[in-house]
Number of protein chains: 2
Amino acid sequence: MTETAWHEELRAKGYRVTPQRQLVLEAVKALGHGTPEEICAKVQQTARGVNISTVYRTLELLEELGMVTHTHLNHVAPTYHLAAEADHVHLVCRGCGEVSEVRPEMADGLVKGLEEELGFVADVRHLTVFGRCRGCRVA
Amino acid sequence: MTETAWHEELRAKGYRVTPQRQLVLEAVKALGHGTPEEICAKVQQTARGVNISTVYRTLELLEELGMVTHTHLNHVAPTYHLAAEADHVHLVCRGCGEVSEVRPEMADGLVKGLEEELGFVADVRHLTVFGRCRGCRVA
DNA sequence: ATAATTGCAAACACTTTGCACCGTT
DNA sequence: AACGGTGCAAAGTGTTTGCAATTAT
């Protein structure tokens, strides 16, 4: 999606292009992964402040537009990231807490099995696998 | 684990066997899956009331003892179930909200891939796959 | 008896909502 | 002027904590 494409899309739907919305999207892009709180903090440090409730409202809007998605990597707050870069499975290490990503094909077997056996269509992009990374495995 | 085995285990660790703890465990067993709130409600209907904060404290304890585990099936509250029956992957349908379970072997390919490629040991029992079930797929 | 456990209410963290004000169109 | 968007503060959730009273051992 080009720089202006989503501006058009917003206007087409009767929404407005505001600095806050651009800032939030920038922050999500810059962070890669971020909770609403983190996104809000990121915006503060870059420029003018954006209220936390605006961040929530904006993320909801951006998600509705299909520009961001969220998953639940930890047990408290959701994590948002760009939808365009969301085509991956999340890995969360219980030891060090590190979050990583792997290509979605890793889950092909699972997806295929669920599809064939149950007719269940899995949304791999929302998939998060908890476990222990190489470093934390032994410890 | 036999009926009395965990009583012993509790006592051995200096914990006490209280009616509340038994009721909460019963409720988890009866519900299969349940949020703290649901578990609390279940307990109310069966017998004397147990305070919600006691439910939280008890679930934490039971989890520490390895008798229950929890996963995050929806975006609001965690879902607890018996650890003994936890050896399965959860499926959550975004359409009807139905929660189902499939045998963990379904994820073998994914698990093996992560292990071989990254040395990441996945905890399949905590795995939840979001998607659409057969019935909701088309709708 | 004594130390763990409970219930209750207050405190918390995260999220949503109502509303007056502001900025675009 | 009309309407969407924002900030702020208040209201909602779900969860945790301090503490006095209760209860298992």
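Each chain gets a letter, A, B and so on, in the order the sequences are listed, and its residues count up from 1.
- Each of B:T128, B:V102, B:L110 was evaluated against B:V89; a single residue qualifies, B:V102, per the side-chain contact (heavy atoms from CB on, under 4.5 Å) test.
- The stretch residues 11-40 of chain B participates, sequence neighbours left out, in these ring pair (Phe, Tyr, Trp, His ring centres under 6.0 Å) pairs: B:H33-B:H81, B:H33-B:H90.
- Summarising the local packing, CD of A:E60 is surrounded by 12 or fewer heavy atoms from other residues, nucleotides or ligands at distances under 6.0 Å.
- If you walk DNA chain D from 5' to 3' and mark each nucleotide with an atom closer than 4.0 Å to a heavy atom of chain B, the marks span D:dG14 to D:dT25.
- In this structure, B:H7 atom NE2 and C:dT5 atom P are separated by 13 Å, rounded to whole Å.
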Salt bridge (Lys or Arg N to Asp or Glu O under 4.0 Å) evaluation trace for A:E117 with B:R134:
CA-CA 10 Å; A:E117 196 166 314; B:R134 196 192 302 277; over 6 Å; no
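- Between the CG atom of B:L10 and the P atom of C:dT6 there is a distance of 10 Å, given to the nearest Å.
- The interatomic distance linking B:L23 (CG) with C:dT6 (P) rounds to 11 Å, in whole Å.
- When atom types are taken as modelled, the side chain of B:T54 and the backbone of B:V50 share no donor-acceptor pair closer than 3.5 angstrom.
- Using a distance-only test at 3.5 Å, with no hydrogens or angles considered, a donor-acceptor pair links the side chain of B:R21 to the main chain of B:R16.
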Please list, pair by pair, any protein nitrogen or oxygen found under 3.5 Å from a nitrogen or oxygen in nucleotides 23-25 of chain C.
from, atom 1, to, atom 2, distance (Å)
C:dG23, N2, A:R16, NH1, 2.4
C:dG23, N2, A:R16, NH2, 3.3
C:dT24, O2, A:R16, NH2, 3.3

Could you list all N or O pairs between the protein and nucleotides 18-21 of chain C that sit under 3.5 Å apart?
from, atom 1, to, atom 2, distance (Å)
C:dG18, O6, A:R57, NH1, 3.4

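- Considering B:L62, B:T69, B:V68 as possible partners of B:L82, the one that fulfils the side-chain contact (heavy atoms from CB on, under 4.5 Å) test is B:V68.
- Between A:E8 and A:K13, none of the side-chain N atoms (NZ, or NE/NH1/NH2) sits under 4.0 Å from a carboxylate O, so this pair counts as no salt bridge.
- Each of B:T18 and A:L61 has a nearest nucleotide on DNA chain D; the 5'-most of these lies closest to A:L61.
- Residue B:N51 places at least one side-chain N or O closer than 4.0 Å to OP1 or OP2 of C:dC8.
- Two residues, A:I52 and B:P19, neighbour DNA chain D, and the one matched to the more 5' nucleotide by heavy-atom proximity is A:I52.
- Grouped by direct or indirect side-chain proximity (heavy atoms under 4.5 Å, Ile/Leu/Val/Met/Phe/Trp/Tyr only), B:V121 sits alone.
- Residues meeting the side chain to side chain contact (heavy atoms under 4.5 Å, CB included) test with B:C133, sequence neighbours left out: A:F120, B:C93, B:C96, B:C136.
- When atom types are taken as modelled, the side chain of B:E38 and the backbone of B:T35 share a donor-acceptor pair closer than 3.5 angstrom.
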